[in-house]
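Ligands are counted one by one from 1 in listed order, and the atoms in each one are counted from 1 as well. Only this structure's heavy atoms are used, side chains among them; waters, hydrogens and symmetry mates stay out.
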Amino acid sequence: MMQIRRLDTREADFDAQLDALLDRAPEAGAEVVRAVDAILADVRARGDAALVELTNRFDRRALSSAAELQVPRAARQRAWDALDAKLRDALEQAATRIRAYAAYQKLQGFEFTDGLGNRLGQQVTPLDRVGIYVPGGKAAYPSSVLMNAIPARVAGVEEIVMVVPAPGGELNPVVLAAAHLAGVDRVFTVGGAQAVAALAYGTQTIPAVDKIVGPGNAYVTAAKRAVFGKVGIDAIAGPSEIVVISDGASDPRWIAMDLFSQAEHGEDSEAILISTDAGFLDRVATAMDERLRALPRAGIVEVSIRERGALILARDLDEACAVSNRIAPEHLELAVDDPRALLPKIRHAGAIFLGRHTPEAFGDYCAGPNHVLPTSRAARFSNPLGVYEFQKRTSLIECTPEGARPLAAIAGCIADAEGLEAHAQSARDRA
Ligand SMILES: NC(=O)c1ccc[n+]([C@@H]2O[C@H](COP(=O)([O-])OP(=O)(O)OC[C@H]3O[C@@H](n4cnc5c(N)ncnc54)[C@H](O)[C@@H]3O)[C@@H](O)[C@H]2O)c1
Ligand SMILES: N[C@H](CO)Cc1c[nH]c[nH+]1
Ligand SMILES: [Zn+2]
């Protein structure tokens, strides 16, 4: 029997038990932060030389120069051409859907005239150059290439630089093919904190970018946190998570596999089912036992389900939503008859999958919305990766001589109160 914890919201210590489960989310420990700080300082000081040494050490490569990190455009084209036609077609369809969804996210500027005749507005411009981190340590995901690069292209970013580790020199050719499809400009086979450092500070081979996006392991996320300010970063997207809310009327085999779909990402993934039906929780537990055996990644699934999995019995669906809000999961499936009725009760989730026929896996590949989502409860305050992450806003102010006069009086008065004489005079010069 698989080991999975059972929780019941009626138990007096339920809150404490849930907190203990959520606390298992991996965070960058002091050791990781120390290691990352040393890597960042080394790449900043020594550039390519450090990049080569660190990549040889952490990715078991035998590079003699940083030039070997770059994957030529022709190699990406060859990877695309060599792809099985069915997979090429699936990637193209996924890319089309991701692009179409992204187009809706594009921020638009605005301008209006205030009551004094002054023009006020906001100009939206794409970032010049961005770095996308595609994880490649334990598994490399072509879908993550599409999810990172397509919104950047839709935003109008001039240059997209992709980094992806190639442990032992091995790089999934489908990742390269996806980079070709998404129109990535430059690809470098470097990962971890050293890749983030190179993108933030620039080296002789890798250009410095304006923003670094994409998920990664503890070293990658600690490095992104550390370089924030020098460059922009997106939300921190770590190990995958799924919460399913069920009324007990779904096929338990489907729900078991939905939980496994995120558990199979890694031993640190989180998979939680909340249901109002105790019998259904039993049936899902049985289905998990049956379906686990067929999975090639059964070992990983078993560990993540044991460490970060749970079957939670709730009094009703309202309470199930409240528990889910406390978890603020990356992905939330509403496997109920009327998911729209629950929607207003959900306040924190990276992506919500409505109804029994919408598995989270559609979102990972081809539904359209981005699969790079806030994890570790960051859905309380941050957003899915989207076109808006690759755009910035600039305020516009244009006064007429008449419109300037009243503003001069207001600004002058407040500047006096702040004791800033030059501000007051500059404003009153326009009165
Ligand atoms: N939320 C999302 O959208 C999403 C999508 C895909 C993957 N993920 C997550 O991203 C993560 C990917 O992790 P990964 O490890 O497979 O790949 P990764 O590319 O993030 O990390 C691999 C790199 O880590 C560095 N590294 C490994 N051990 C190190 C050490 N001891 N010291 C210093 N550096 C070290 C190496 O440089 C290596 O190249 C997983 O947690 C996965 O769940 C999240
Ligand atoms: N579920 C992951 C994000 O949490 C993304 C992914 C890529 N491939 C499959 N799934
Ligand atoms: Zn996934």
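- Of all protein heavy atoms, the one lying nearest to atom 17 (O) of ligand 1 is Gly137 N, 3.0 Å.
- Between the side chains of Arg61 and Thr55, no donor N or O sits under 3.5 Å from an acceptor N or O.
- Here the side chains of Leu273 and Phe280 are in contact, with some heavy-atom distance below 4.5 Å.
- For ligand 1, the atoms sitting less than 4.0 Å from at least one non-hydrogen atom of Val372 are 3 (O), numbered in the order shown with element in parentheses.
- A heavy-atom separation below 4.0 Å is not found between Ala35 and ligand 1.
- Each protein N, O or S atom less than 2.8 Å from the Zn ion (ligand 3) was counted, giving 2.
- Not one N or O of Val134 is nearer than 3.5 Å to an N or O of ligand 1, by distance alone.
- At a heavy-atom distance under 4.0 Å, only side-chain atoms of Pro165, from C-beta outward, approach ligand 1.
- Atom 18 (P) of ligand 1 has as its closest protein heavy atom Tyr133 OH, 3.5 Å.
- The nearest protein atom to atom 28 (N) of ligand 1, hydrogens excluded, is given as Tyr219 CE1, 3.8 Å; this is a heavy-atom distance.
- In this structure, Asp81 CG and Arg88 CZ are separated by 6.5 Å, a value rounded to the nearest 0.5 Å.
- Within the model, atoms CG of Leu91 and NE2 of His180 stand 11.5 Å from one another, a figure rounded to the nearest 0.5 Å.
- Within a 6.0 Å sphere centred on CZ of Arg297, heavy atoms belonging to other residues, nucleotides or ligands number more than 12.
- With atom 39 (O) of ligand 1 as the reference point, the heavy atom nearest to it among Asp59, Leu54, Val36 is part of Asp59.
- Side chains of Glu333 and Thr358 form no contact here, defined as non-hydrogen atoms less than 4.5 Å apart.
- Taking the charged nitrogens against the carboxylate oxygens, Arg326 and Asp15 do have a contact shorter than 4.0 Å, which makes a salt bridge.
- If you check the side chains of Asn383 and Glu389, you find no donor sitting under 3.5 Å from an acceptor.
- Within the model, atoms OG of Ser246 and CG of Asp251 stand 10.5 Å from one another, a figure rounded to the nearest 0.5 Å.
- Atom CG of Leu40 is separated from atom OH of Tyr201 by 5.0 Å, given to the nearest 0.5 angstrom.
- The shortest N/O to N/O separation between Pro215 and ligand 1 does not fall below 3.5 Å.
- The option with the heavy atom closest to atom 15 (O) of ligand 1, from among Asn217, Val190, Leu385, Thr189, is Asn217.
- Between the CD1 atom in Ile212 and the CG atom in Asn148 there is a gap of 12.0 Å [rounded to 0.5 Å].
- Asp185 has a carboxylate O that lies under 4.0 Å from a charged side-chain N of Arg153, or vice versa, which qualifies the two as a salt bridge.
- Between Tyr141 and ligand 1, not a single N/O pair is under 3.5 Å apart.
- Of the inter-residue distances, the one linking Leu292 atom CG with Glu264 atom CD reads 10.5 Å to the nearest 0.5 angstrom.
- Residue, atom and distance of the protein heavy atom nearest to atom 12 (C) of ligand 1 are Pro135 CB, 3.6 Å.
- Of the protein's heavy atoms, Lys138 N, 2.8 Å lies nearest to atom 16 (O) of ligand 1.
- For atom 25 (C) of ligand 1, the closest non-hydrogen atom of the protein is Gly192 CA, 3.9 Å.
- The closest approach between any non-hydrogen atom of Gly266 and ligand 1 is not below 4.0 Å.
- A heavy-atom distance below 4.5 Å is found between the side chains of Pro369 and Tyr101.
- Atom numbering of ligand 1 starts at 1 in the shown order; those under 4.0 Å from a heavy atom of Pro239 are 41 (O), 43 (O).
- The Val220 neighbourhood of ligand 1 comprises atoms 20 (O), with distances under 4.0 Å to a heavy atom of that residue.
- In terms of polar-atom proximity, defined here as any N/O pair under 3.5 Å, His371 does make such a contact with ligand 1.
- Shown in contact with Glu330 at under 4.0 Å from a heavy atom are these atoms of ligand 1, numbered in order with element: 1 (N), 2 (C), 3 (O).
- Counting heavy atoms from C-beta outward, Lys392 and Leu127 have side chains that approach closer than 4.5 Å.
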Kindly print each ligand 2 N/O atom paired with any protein N/O atom under 3.5 angstrom away, one pair per line, or none if nothing qualifies.
unit_1, atom_1, unit_2, atom_2, d
ligand 2, 1 (N), Gln262, OE1, 2.8
ligand 2, 1 (N), His265, NE2, 3.1
ligand 2, 1 (N), Asp364, OD1, 2.9
ligand 2, 1 (N), Asp364, OD2, 3.0
ligand 2, 4 (O), Ser240, OG, 2.9
ligand 2, 4 (O), Glu330, OE1, 3.2
ligand 2, 4 (O), Glu330, OE2, 2.7
ligand 2, 8 (N), Ser143, OG, 3.4
ligand 2, 10 (N), His265, NE2, 3.1
ligand 2, 10 (N), Asp364, OD2, 2.9

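- Ranking the protein heavy atoms by distance from atom 44 (C) of ligand 1 puts Gly238 O, 3.3 Å first.
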Review point. Given Leu69 and Thr205, is the side-chain contact (heavy atoms from CB on, under 4.5 Å) satisfied, shown in steps?
Key: CA-CA 9 Å; Leu69 293 171; Thr205 301; 5.5 Å; no
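- Within the 4.0 Å heavy-atom criterion, the part of Gln194 lying near ligand 1 is the side chain and not the backbone.
- Among protein heavy atoms, the minimum distance from atom 11 (C) of ligand 1 is reached at Gly216 C, 3.6 Å.
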Show, in sequence, the C-alpha distance, side-chain angles and deciding distance for Asp84 and Lys86, and conclude whether the salt bridge (charged side-chain N to carboxylate O under 4.0 Å, His left out) test is met. CA-CA 6 Å; Asp84 165 71; Lys86 221 165 128 190; over 6 Å; no
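- Comment: Arg356 engages Asp247 in a salt bridge, judged by a side-chain N to carboxylate O separation of less than 4.0 angstrom.
- Residues satisfying the salt bridge (Lys or Arg N to Asp or Glu O under 4.0 Å) test with Arg44, not counting sequence neighbours, are none.
- Applying the ring-ring contact (aromatic ring centres under 6.0 Å, His included) test to Tyr141 and every residue at least two apart in sequence or in another chain returns His265.
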